[in-house]
Amino acid sequence: MKLDYNTLEAKWKQIWEANQLYKVTEDTSKPKFYVLDMFPYPSGAGLHVGHPLGYVASDIYSRYKRMKGFNVLHPMGYDAFGLPAEQYALDTGVHPAKSTSENITRYRAQLDNIGFSFDWSRQVRTDDPSYYRWTQWIFLQLYQHYYDKSADKAMPITSLISLFEKSGISDVHAAASAHTPFSADIWKVMSAKEQESILMNYRLAYRKVGHVNWCEALGTVLANDEVKDGLSERGGFPVIQKEMMQWSLRVTAYAERLLTGMDTIQWSESLKTIQRNWIGRSEGAFIDFSFADSTAKSVKVFTTRPDTIFGCTFLVLAADHELVNAITTASQQETINAFLEKSKAKSAETKVAGQKSTDGAWTGSYALHPVTGDKIQVWIADYVLRDYGTGAIMAVPGDDERDLAFAIQHQLPVVEIIDRSAEVNSSIEDKQGILMNSSFLNGRSIDAAIAEMLAYLEKNKLGTRQIAYRLRDANFSRQRYWGEPFPVYYDADGLVHEMEESSLPHTLPDLDDFKPSPDGRSPLARLDQWARPTPGVSRETDTMPGYAGSSWYFLRYMDPLNQNAFASTRAINYWQDVDLYVGGVEHAVGHLMYSRFWHKFLYDLGYVPTEEPFKKLVNQGMIQGVVESLLLFKERTNGKAHFISSELVASREIPSDLLSAIPVHISFVTAYGQPSSHLDASGIEAFLKWRPEYADAVFECADGIFSATELNGALFYTLSEVGKMSKRYHNVVNPDDVIEKYGADCFRMYEMFLGPIEQSKPWDMMGIEGISKFLRKLWSLFYNDQDEWMVTQDAPKETSHKILHATIKKTNEDIERFSFNTAISQFMICVNELRRTEERSATILSPLVQLIAPFAPFITEQLWQALGNATSVHRSEFPIHDEKWLVNNSFTYPVCINGKKRSEITLAAGTPNNIIEASAKELPDIIKWLEGQTIKKVIIIPEKMVNIVI
RNA sequence: GCCAGAGUGGCGGAAUUGGUAGACGCACUGGACUCAAAAUCCAGCGUUCGCAAGGAUGUGCGGGUUCGAGUCCCGCCUCUGGUACCA
């Protein structure tokens, strides 16, 4: 039989489908194993060669685990709600539901091509009402719960209400946006509206007016992790701060558990560090400063350095701190107003640029230093943030660079309080030094002083120990159409009413105009009938953000069709949690943080049995593309665009701001990806056909300046860079094309052979021939050049046993540690060896096929059938190595003197160490070296080496 | 700035616990087969001295520990990622 990938793949895909080979059910007779991929967002560009990298790895692992006797859940689905489909709808008028479905069809075809072992009967789509019904349900649970810090878990809001009725706020120890004190009696006489606004401070899903990241171009607000360097992650549009009524999730309530939970899971250290930094825990104290002569009583500041309190010479509040109005004196009112105005106008640009600022203004008020009683000025400034700590700081210019810069700018007093003269190369961050000018703390080390001051503050009721987190509550409203509607409505008073559980799903209505309204409201607000169904009732017209549906999808796979629950208890108890999660590191602070939060919440409510959703996580790297660009020289020649060959740039010293790079389609470029990538005459012709606006451009290369038609013969060099694979750069490589040419098995193995899967690397077709050759060699062990079946039932050669069992051992170890490239290397060694010795015995070749099966499912299935097996190789048992074939009959030891190899001896296996030592010392060349030397010791490492130390 | 990770041939990368550095693949060079090409097979392939046998040297740089260091320690350099007025 001839090796013909395409027919072979079609044949087996059809057989697997007909036999439901990869369908999985809860089977208590086998141990479970859950392998999950991060489900894709079905974008219009389709899958490129980078996407399947993680999928191939997880598929190999799934197939391996199945052959090892595990009941493997390996599902796939689509993160179908999201911005790009809506942007596409804005541009083309195509309904997002339609384009998303079309994209999903395309993705499915591409995924099927690669031969994955997904159980497609469990597919989920986040935009399916039967799915988002449960997203809405979980949202309602969040709304109906608060976080009780004493119990350290989420509790029903009804218990909070009973506490309020019993004793007001005094017994409540809960995560809250604000603590307004009140008694039980006061609570009882509050109006429903007043009570509701108090409860909103506690609910895990709550509404508040807050400043949010507003992106004008996208017409929506974004969560903190969706903003990068002041620009939207999607699209790269500017983001400004804006006040809006928004839904938020109280993820901060779980900050500590999100932090400690990381000790129990197997994630890479770097990923854990990213999450830890994002949570940003720091220990310190709240300290109360009372005012000297103001209507306001006191202000709380947060500090991690209570020891520096004697150096505190002024206070600084955030510009939008709640006390600013109350403490501003009449004489300073104008100054403060001017500053607030300026600060507001500035926030848009400078916060984008990330510049440091020492701008500020004095409120006219004085506070009293809590220890010395000195009068100190209270300022407001840009560099203090409302959202961190208490939004107010005690400024210690003597030991804080920002405070110092501010003090110098505004000529405020500075007191040196840390003596660093004993330290070499010490900076403020080092926390090294001795206290001075600090009353009873003088002479203490910083650590000792912190402890002493904390005790002092608590004893004198001046402050409390406190832990602050950088983590902010997650914004949960998007002024967008293509997302889950909120299952709530508002009455005439603006009070929130939950929808009945039985009325879910609250479906997304149809729409044909997707433009957001300029005032920042969702397109849904335009649907009068839907938005205001009856007088006095209005619906929430915002929708949930992209991460809503993806925060729990892994649970739905356990029981995807369930109508009565997000998954049955039976299914959840069987599948428990995800054993292995494979996906990109770009989700470190978004999806992975929110999923853990939702999962912990569901755990508190008793719906899931484990606290953490993902036991082990592997981050696959990104496969990058090569971006080829033409350099456009902006100084135009006779009004014509001037392109310049890239090698001239260095020699001509053209200022880089006069150059811009125009990405070119890689198919135009010759020697693409190489240092000598260039366009020849036909490439230039193709380029001009594609970008006709450059038809009259001039092209400057080493030989001179030409118009396109004069350019025959001259090579025009492009600029080659490694970058993202993206439609924009015209460098997307479609897996379908690779599979068409080399077959799915080859594509899978080559993706794995590129290097460790955690690593990012550029896609490069150069090496794929090596894998292709390997598969042909494998095939040739079974069929000769005349396509005759060569496998015999003869006894194999002993050396074949040896190489086979070494390969079995290594394959098991390598798959377990996710080192697929080294496993493939071993297959190559094995196949080469078997070919060299012309091994044709089924005893050897049969297990070899099984070993390679997870990597190359199609070709191995075919060979397995040809070997006479009635059932699939993917249902067979993974080979186990036999130690007896791995024991050496003899072993050649390198004999070293002081670690340098001088000779070697070959001795029988299991030779006692004293004989090895004696034999080593008898070697003539060694004796020559040892002459006149004293042997200090002899080190023998079994099966490794003999080292004589002189 | 701070935090984390990484630097190995012409290239992608091996070396699992401190034990013969460069596995495996690509590229390249030479040879066989062929009228020729492709395909296939064989051999070579860090640097350096040498006709060779063989020697020296070599894992970003400078030190150290050790019989022995790509691997451990100290000090630097470079790159990648995260983060940035976080008190």
Side-chain angles (χ1 to χ4, degrees), chain A residues 228-229 268-278 280-282 284-285 301-305 308 316 318 350-351 354-358 381-385 387-396 399-403 405-406 427 429 468-472 585-586 588-589 619 621-622 674 750 753-756 758-762 764-771 773-774 776-777 780 785 810 813-814 816-817 819 821-830 832 835-836 892-901 904 935-950:
Chain A
K228 281 232 157 75
D229 303 325
S268 72
E269 245 351 277
S270 61
L271 189 68
K272 286 184 181 179
T273 308
I274 293 173
Q275 287 219 345
R276 283 194 192 107
N277 291 345
W278 190 257
R281 180 186 200 273
S282 45
V301 304
F302 176 73
T303 180
T304 56
R305 294 289 304 279
T308 61
V316 188
T350 42
K351 277 173 191 166
Q355 271 164 13
K356 306 209 185 242
S357 159
T358 51
D382 283 338
Y383 83 96
V384 174
L385 307 176
D387 290 335
Y388 184 73
T390 61
I393 61 155
M394 59 175 210
V396 184
D399 201 49
D400 183 287
E401 285 170 17
R402 292 155 305 173
D403 294 345
F406 192 80
S427 70
E429 288 84 35
Y469 300 93
R470 203 189 73 106
L471 185 71
R472 305 288 147 82
V585 73
E586 65 272 18
V589 291
N619 287 123
M622 223 189 345
Q674 307 293 308
Y750 183 57
F753 192 65
L754 277 172
E758 299 88 350
Q759 219 157 85
S760 292
K761 53 233 150 190
D764 159 25
M765 289 289 279
M766 296 296 274
I768 199 166
E769 288 294 342
I771 298 288
K773 225 182 277 180
F774 160 76
R776 289 198 297 271
K777 284 179 183 174
S780 75
D785 290 348
K810 186 150 174 60
E813 289 166 359
D814 284 350
E816 285 295 352
R817 69 190 178 105
S819 178
N821 53 335
T822 52
I824 294 169
S825 295
Q826 182 66 30
F827 295 153
M828 291 175 170
I829 296 168
C830 185
N832 281 339
R835 269 165 57 88
R836 198 179 58 78
T892 303
Y893 289 86
V895 181
C896 308
I897 295 176
N898 285 355
K900 271 204 170 30
K901 185 182 167 189
E904 54 184 41
I935 297 174
K936 288 195 188 128
K937 58 180 165 175
V938 178
I939 299 157
I940 297 162
I941 301 156
E943 306 274 288
K944 291 275 187 197
M945 69 183 312
V946 181
N947 188 18
I948 300 169
V949 183
I950 53 175

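A note on names: the letters A, B, ... follow the listed sequences, proteins ahead of strands, and every chain is numbered from 1.
- Close to B/rC24, at under 4.0 Å from its OP1 or OP2, lies no side-chain N or O of A/Asn821.
- Using a 4.0 Å cut-off, no side-chain N or O of A/Arg836 falls inside it from OP1 or OP2 of B/rC42.
- Comparing B/rA27, B/rA23, B/rA4 by their closest approach to the side chain of A/Thr273 singles out B/rA4.
- Atom-to-atom, CD of A/Glu813 to C1' of B/rU17 comes out at 13 Å; the value is rounded to the nearest Å.
- In this model, the phosphate group of B/rA4 is not approached by any side-chain N or O of A/Arg276 to a distance below 4.0 Å at OP1 or OP2.
- Classified by its glycosidic torsion, B/rG7 falls in the anti category, the angle being over 90° from 0.
- Here A/Asn619 lies out of heavy-atom contact (under 4.0 Å) with every strand.
- Shown here, B/rC67 forms a base pair with B/rG19; the pair counts as Watson-Crick or G-U wobble because both key distances fall under 3.5 Å.
- Base pairing analysis places B/rC2 opposite B/rG82; the two distances defining the Watson-Crick or G-U wobble pair are each below 3.5 Å.
- Heavy atoms of A/Met945 sit under 4.0 angstrom from at least one base atom.
- Note on ring orientation: taking the six-membered ring where Trp is involved, the planes of A/Phe406 and A/Tyr383 are tilted (angle from 30° to 60°).
- The shortest distance between the side-chain N/O atoms of A/Lys773 and the OP1/OP2 oxygens of B/rC26 is below 4.0 Å.
- Residue contacts for A/Lys936: at a heavy-atom cut-off of 4.0 Å it reaches no nucleic acid atom on any strand shown.
- If you check distances only, the side chain of A/Lys810 does reach the base of B/rU16 with a donor-acceptor pair under 3.5 Å.
- In this structure the side chain of A/Asp403 reaches within 4.5 angstrom of the side chain of A/Ile393, judged on heavy atoms.
- Within the 4.0 Å cut-off from OP1 or OP2 of B/rU20, not a single side-chain nitrogen or oxygen of A/Asn947 is found.
- With distances taken from any side-chain atom of A/Ser825 to the nucleotides B/rU16, B/rA87, B/rA23, the minimum falls on B/rA23.
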